[in-house]
Number of protein chains: 2
Amino acid sequence: MTLAEKAYDALRHDIIRGAFAPGRPLRLADLSERYGMGFSPLREALNRLQAERLVTAESLRGFRVAPLSLDELHDATSVRIMIETQALRAAIQSGDDAWAAGIVSSLYALNLQASRSGGEADIWTLEARHYAFHRALLAACNSPWMLEFFDRLYAATERYRIPILLAATHPAGRDVQAEHSALAEAALARDADRAAALLEEHYRKTVEHLSAVIRESEPDLLLAGAAG
Amino acid sequence: MTLAEKAYDALRHDIIRGAFAPGRPLRLADLSERYGMGFSPLREALNRLQAERLVTAESLRGFRVAPLSLDELHDATSVRIMIETQALRAAIQSGDDAWAAGIVSSLYALNLQASRSGGEADIWTLEARHYAFHRALLAACNSPWMLEFFDRLYAATERYRIPILLAATHPAGRDVQAEHSALAEAALARDADRAAALLEEHYRKTVEHLSAVIRESEPDLLLAGAAG
DNA sequence: ATTCCATAAATTTTCGAAAATACATGTTGC
DNA sequence: GCAACATGTATTTTCGAAAATTTATGGAAT
């Protein structure tokens, strides 16, 4: 793996997890020290991340962490619902045994991780399991473009969810595990309408919860990420 | 504008228009001579294009023009229909006078250009007008993410259409101008269902035509672009 | 003839410095 | 005081060469 690829992975990881505050300038000298490499691989990674809208760039003024906003969260969520419900329907129609097995095993791993009372670093593992489960649901949709957009939107919305996970704010009156199980069950039963409805509901609840928490108790979450 | 930005524009332009054959390696020495700059700005541009799936990259083996395939054309088209019909409905719901004016003027410019019996370079202008018209239809959808995905998919599918435009293969029994006009009319009349149906039909006809031409008369179009 | 290995050539990747530009600081004139 | 300007510093951008790796070439062994 080249240094540019390592830089891309590390930067993407750190940005999504809020190691840099949204909007904060990404100075090459700092990054060079932090990641122990020269400017060239860093700039290549930053250019990729720019194309993915995780960082912004301005001519001769360098790169910044892309900002967050409630508007973007709502936009990303509604587009996510559109893409993923369609992809889920397609996957249900054409999914084979391997697809079903992938759902079962990723749900199992997700629940197992969720049951561990989240130690510090476990949260990132849980997050990875959550991604893997939702990815597994769509895996058989047979559309590289939809899967790519799923990845893009997942990364974009993950940035909003992480600080809340860190704050250990559990959604009151909501059983996320049950939602995942019901979703998997509907998909495996090939009930496309029910699965799509559950998926949509799942995301609407999540974004409502996020909006509420951000507006009421963490109004500057959109500006200040955790320290790096 | 920095050299890296110039490199990005030039490379994107040349790749979409088929100046490099799909799958062809993009050697830095060649590109450096062609565009008159060093490796650094070229590599940055190539990394951005990689994130956009217009070029592929393999560790220590450099970059290649992304390949074309009928499967990808069909995938991109069906995702396009999903995204754009949704975006069009949203735009129809919330579009204001400026939106309507944008549709009228871009349609006018498109028809004007189409009526000029396409000289060599006019084809690219026509292509730009075509993009601008479709973009104008969606402009008021109020969703940066959908517009981004529109751009991505437009670029991806443009690659399939260009060689056919160059070959001046006009679709038999099809009046593309009339399709555009009907689409604009439905949008301006705020008839979302009709507009969405027309848009979908427009794309289905296009992809069918492309598939037929590629399969029957240009089977190796997917491999060999025009010389650069 | 064919596989294997060594060597050479071509290519990508990375660094370190130079060039270009933006940003901050302080100074002058009013 | 304060705007305009000059100067110096910080930062980005670009180049050219070095390092690392892959690909091609040619010869030896079987």
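Sequence lines set the chain letters: A, B, ... in the order given, protein chains first and strands last, and positions in each chain run from 1.
If you take CZ of A/F39 and P of C/dG16, they are 10 Å apart, rounded to a whole angstrom. The separation between A/E33 atom CD and D/dT11 atom P is 13 Å, rounded to whole Å. For the pair B/E5 CD and C/dA20 P, the interatomic distance rounds to 18 Å; values are reported in whole Å. Rounded to whole Å, the distance from NZ on B/K6 to C1' on D/dC15 is 15 Å. Rounded to whole angstrom, the span from the CG atom of A/L28 across to the C1' atom of C/dG16 amounts to 14 Å. Regarding B/M1, its CE atom lies at a distance of 17 Å from the C1' atom of C/dA20, rounded to whole Å. Here C/dC15 presents its P atom at 15 Å from OH of A/Y35, a figure rounded to the nearest Å. Between A/R27 atom CZ and D/dA10 atom C1' there is a gap of 8 Å when expressed in whole angstrom units.
Within the 4.5 Å cutoff, the side chain of A/Y131 has heavy atoms near those of the A/F150 side chain. In this structure, the side chains of A/M37 and A/L42 come closer than 4.5 Å at one or more pairs of heavy atoms. Annotation: side chain of B/N142 is not in contact with side chain of A/D75 (no heavy-atom distance under 4.5 Å).
Among the atoms of the strands shown, none is found under 4.0 Å from any heavy atom of A/L46. Residue-level contact check: A/T2 touches the backbone only, with heavy atoms under 4.0 Å from sugar-phosphate atoms and none from bases. Nucleic acid contact class of A/L3 (heavy atoms, under 4.0 Å, all strands): sugar-phosphate only. Within the 4.0 angstrom heavy-atom criterion, only backbone atoms of the sugar-phosphate kind lie near A/L26; the bases stay farther away.
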Within the sub-3.5 Å range, which N or O atoms of nucleotides 5-8 of chain C have a protein N or O partner, and how far apart are they?
none

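Between A/Q50 and A/T56, the side chains place no donor N or O within less than 3.5 Å of an acceptor N or O (distance only, hydrogens not considered).
The number of heavy atoms from other shown groups lying within 6.0 Å of CG (B/D96) is above 12.
Aromatic pair B/H134/B/Y203: ring centres closer than 6.0 Å.
A distance of 10.5 Å separates NE2 in A/H130 from OG in A/S106, rounded to the nearest 0.5 Å.
Each of B/E44, B/E52, B/H13 was compared with B/Y8 under the side-chain hydrogen bond (donor to acceptor under 3.5 Å, both in side chains) criterion, and only B/E52 meets it. Checking each of A/R135, A/R161, A/R80 against A/Y154 for a side-chain hydrogen bond (donor to acceptor under 3.5 Å, both in side chains) leaves exactly one that passes, namely A/R161.
In summary, B/E58 and B/R64 do not engage in a salt bridge, as defined by a charged side-chain N under 4.0 Å from a carboxylate O. Between A/E127 and A/R17 no salt bridge is recorded (no basic side-chain N to carboxylate O distance below 4.0 Å). A salt bridge links B/R152 to A/E148: one of the charged nitrogens lies within less than 4.0 Å of a carboxylate oxygen.
Toward the 5' end of DNA chain C, the nearer of the two residues B/A29 and A/M37, judged by each one's closest nucleotide, is B/A29.
A sub-4.0 Å separation between OP1 or OP2 of C/dT13 and a side-chain N or O of B/R43 is present.
Scanning residues 56-64 of chain A for heavy-atom distances under 4.0 Å to DNA chain C yields A/L60, A/R61.
Direction change of the helix axis from one end of the helix from C/dA1-D/dT30 to C/dC30-D/dG1 to the other is 0°, with five pairs defining each end axis (rounded to 10°).
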